[in-house]
Amino acid sequence: MTQEFTPKTADSQSSLTPDFLARALEACTDGLFLFDSDKRLIFANQQAESLQANVSRLRIGSRCCEMFWNSEGGENCVVDRASQNGLKLEFEIPGSKPLSIQVQPIQVSEDSNKLGVLVSAHDISALRRAEGEALAHKSFMANLADRSPDEIYALDKLGRITWVNQRAETGNPLMLLGQRLVDFIAIDSRDVVSAGISKAVAGEETQTEILAVRPDETERDVEAYISPLWKDGEVDGVLVFLRDITERKRTQELVSQSDKLRAVGELAAGVAHNLNNSLTVIKGRAQLLQMKSTDEGWLKSLQVINEAVEDGGKTLRRILEFARRDSGQGFGPIELDDLIRSSIEIARPKWQRKAGQSPIEVKIECNGPVYVKGDQAELREVVLNLIFNAVDAMPEGGLMEVGMRGEIDSGCFWVADSGCGMPPETVARIFEPFFTTKGSKGTGLGLSASHGIISRHGGEIFAVSEPGEGTRFEVRLPICDTLSRIIKNEEKVGV
């Protein structure tokens, strides 16, 4: 309901006099321009003069089209449109001092259809500066979020994704807004994430390690930080920060594995030293008895004892080699082609004995010559271990591939089989000491010893395997420098 307002005259002794109204209009912080029905300026306050002074001199009696808000070409200006249509107009004039303009038609008198126009101009420079600063701040925060090493997700209270940063979008191209975040978490970790979201909605922060799922459906270890998203003092949603720690955990596992190998090596070295002392006594006594005995039966028994002691000594030397963690002092250039082919010849009886029942085909691929720096005996032990494991993985026969190649700064050799393969949880443990898939037939030291040897050579060894798809072991070693190659070549030709 509106109440009709009737201006009072000065004769009514009211304080609402024309002079009072003029002072009120002058005090207005907006620029005011009043046009009569002929579209000529009849009033402008001081603020209007200061705004107009930037363009032209303000004069009473000026036509509206001479003012700074006229349309292009001076035709059909905003005052014309307002007076013709009787509609209020609002627009903005850009520039170094942007203005918000309102054009309001006014009926000249109750008994007249003629319209005057009141134009108010408001300086919005401060508003536009604030908006610009807010936009710059928003751009800075968006850039900061996109450059973050973490994947950042904004969720509503139901756990649905409402925003993601660039890293999250790149890492999960199939992730769509509106979907639940837990759908992209491994099943084993979904309860943990759901509980964290519930706590965040209640105003609590949580931090935990979970498993997330990549677009290719592989799992990755991530560190999750779940925090409430506040707005006006209330929780409006949830922020989730995910940091991929897969490589960090892998490194930690390798360090832990190295510590285990070091501990086993120290234990093995102590045991081997004590046993070696005992074998030395046994061998000495047996040899003394051999010198004194003339009985043929005793001599044969003593010979068996000596041979057993020799075999035991070799085993102890292998244990000591496994336990050794010295630097690569004394390493020389090793030609991988020669190492691979000679190792195959040594191991050939291993699979030839099975040829009658389960033939094994051997494929050799050598792209040499490639020289690496290392110890010939130790590297041959690694190759033999891998070959023996490949043969044992194919009890029904199959294909074994052995090869080598040169890369930019390393030499590489591999042994692959078409055997039963291994699941991921087994592959993750194959280099652990005493871990074996052969039951009582295996010691679990072959691959751990090989890992120790390759690590001591400054190289790396890894396995790729799938159940039913076979296994491939690959070894990379630092390539030998040019001078060592020349020396090796000179030794071969007898220079």
Side-chain angles (χ1 to χ4, degrees), residues 29-30 51 54 90-102 121-186 189 192-216 220-249 251:
T29 57
D30 288 346
L51 294 175
N54 295 328
E90 294 184 7
F91 61 96
E92 181 177 328
I93 298 178
S96 58
K97 182 182 286 188
L99 299 175
S100 175
I101 305 296
Q102 291 188 353
H122 180 68
D123 187 348
I124 56 173
S125 301
L127 175 63
R128 291 294 175 258
R129 281 196 300 270
E131 289 177 346
E133 291 173 0
L135 183 61
H137 179 71
K138 181 179 179 181
S139 177
F140 171 78
M141 295 303 295
N143 189 60
L144 188 65
D146 286 338
R147 296 298 180 271
S148 170
D150 299 338
E151 297 175 10
I152 306 176
Y153 303 88
L155 316 177
D156 61 17
K157 293 183 180 181
L158 298 178
R160 294 172 301 198
I161 301 169
T162 59
W163 174 87
V164 297
N165 69 341
Q166 186 174 340
R167 183 172 293 274
E169 191 175 35
T170 302
N172 300 278
L174 301 180
M175 183 174 289
L176 301 175
L177 298 181
Q179 296 189 13
R180 297 191 313 157
L181 178 65
V182 293
D183 292 337
F184 301 93
I185 304 299
S189 300
V192 176
V193 174
S194 296
I197 293 174
S198 299
K199 289 181 179 179
V201 172
E204 298 181 34
E205 298 178 350
T206 57
Q207 187 171 356
T208 184
E209 288 186 12
I210 62 172
L211 286 175
V213 182
R214 288 190 174 98
D216 59 3
R220 58 193 176 112
D221 295 294
V222 296
E223 193 174 65
Y225 177 76
I226 307 174
S227 170
L229 181 61
W230 297 93
K231 182 179 181 181
D232 298 331
E234 296 183 355
V235 177
D236 187 55
V238 178
L239 277 179
V240 180
F241 298 80
L242 299 183
R243 175 166 295 185
D244 195 322
I245 58 172
T246 305
E247 290 302 318
R248 188 174 77 188
K249 292 205 66 170
T251 302

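The residues of the chain are indexed from 1 along the displayed sequence.
The line from CZ of Arg220 to CD of Glu247 is 12.5 Å long, rounded to the nearest 0.5 Å. To the nearest 0.5 angstrom, Phe241 atom CZ is 11.0 Å from Ile226 atom CD1. If you take CG on Asn165 and OH on Tyr153, they are separated by 7.5 Å, rounding to the nearest 0.5 Å.
Within the 4.5 Å cutoff, no side-chain heavy atoms of Phe184 are placed close to those of Val213. Side-chain contact between Pro228 and Glu205 is present, with at least one heavy-atom pair separated by less than 4.5 Å. At least one side-chain heavy atom of Asp123 sits under 4.5 Å from a side-chain heavy atom of Leu99.
Partners of Leu127 under the side chain to side chain contact (heavy atoms under 4.5 Å, CB included) rule, at least two apart in sequence or in another chain, are Ile124, Glu131. Remark: Glu209 pairs with Ile245, Lys249 by the side chain to side chain contact (heavy atoms under 4.5 Å, CB included) rule, at least two apart or across chains. For Ala130, there are no side chain to side chain contact (heavy atoms under 4.5 Å, CB included) partners two or more places apart in sequence or in a different chain.
Judged by distance alone, with hydrogens and angles left aside, the side-chain atoms of Thr246 form a donor-acceptor pair with the main-chain N or O of Asp221 at under 3.5 Å. A donor-acceptor pair under 3.5 Å is formed between the side chain of Ser189 and the backbone N or O of Leu211.
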What side-chain donor-acceptor pairs closer than 3.5 Å can you find for residues 154-163, not counting sequence neighbours?
{"residue": "Asp156", "atom": "OD1", "partner": "Leu158", "partner atom": "N", "Å": "3.0"}
{"residue": "Asp156", "atom": "OD1", "partner": "Gly159", "partner atom": "N", "Å": "3.0"}
{"residue": "Asp156", "atom": "OD1", "partner": "Arg160", "partner atom": "N", "Å": "2.8"}
{"residue": "Asp156", "atom": "OD2", "partner": "Arg160", "partner atom": "NE", "Å": "2.8"}
{"residue": "Asp156", "atom": "OD2", "partner": "Arg160", "partner atom": "NH2", "Å": "3.1"}
{"residue": "Lys157", "atom": "NZ", "partner": "Val235", "partner atom": "O", "Å": "3.2"}
{"residue": "Thr162", "atom": "OG1", "partner": "Ala154", "partner atom": "O", "Å": "2.9"}

Which donor-acceptor pairs under 3.5 Å do side chains of residues 192-200 form with protein atoms, sequence neighbours excluded?
{"residue": "Ser194", "atom": "OG", "partner": "Arg190", "partner atom": "O", "Å": "3.0"}
{"residue": "Ser198", "atom": "OG", "partner": "Ser194", "partner atom": "O", "Å": "3.1"}

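Within the structure, salt bridge (Lys or Arg N to Asp or Glu O under 4.0 Å) pairs that include any residue of residues 227-243 comprise Asp150-Arg243 (at least two apart or interchain).
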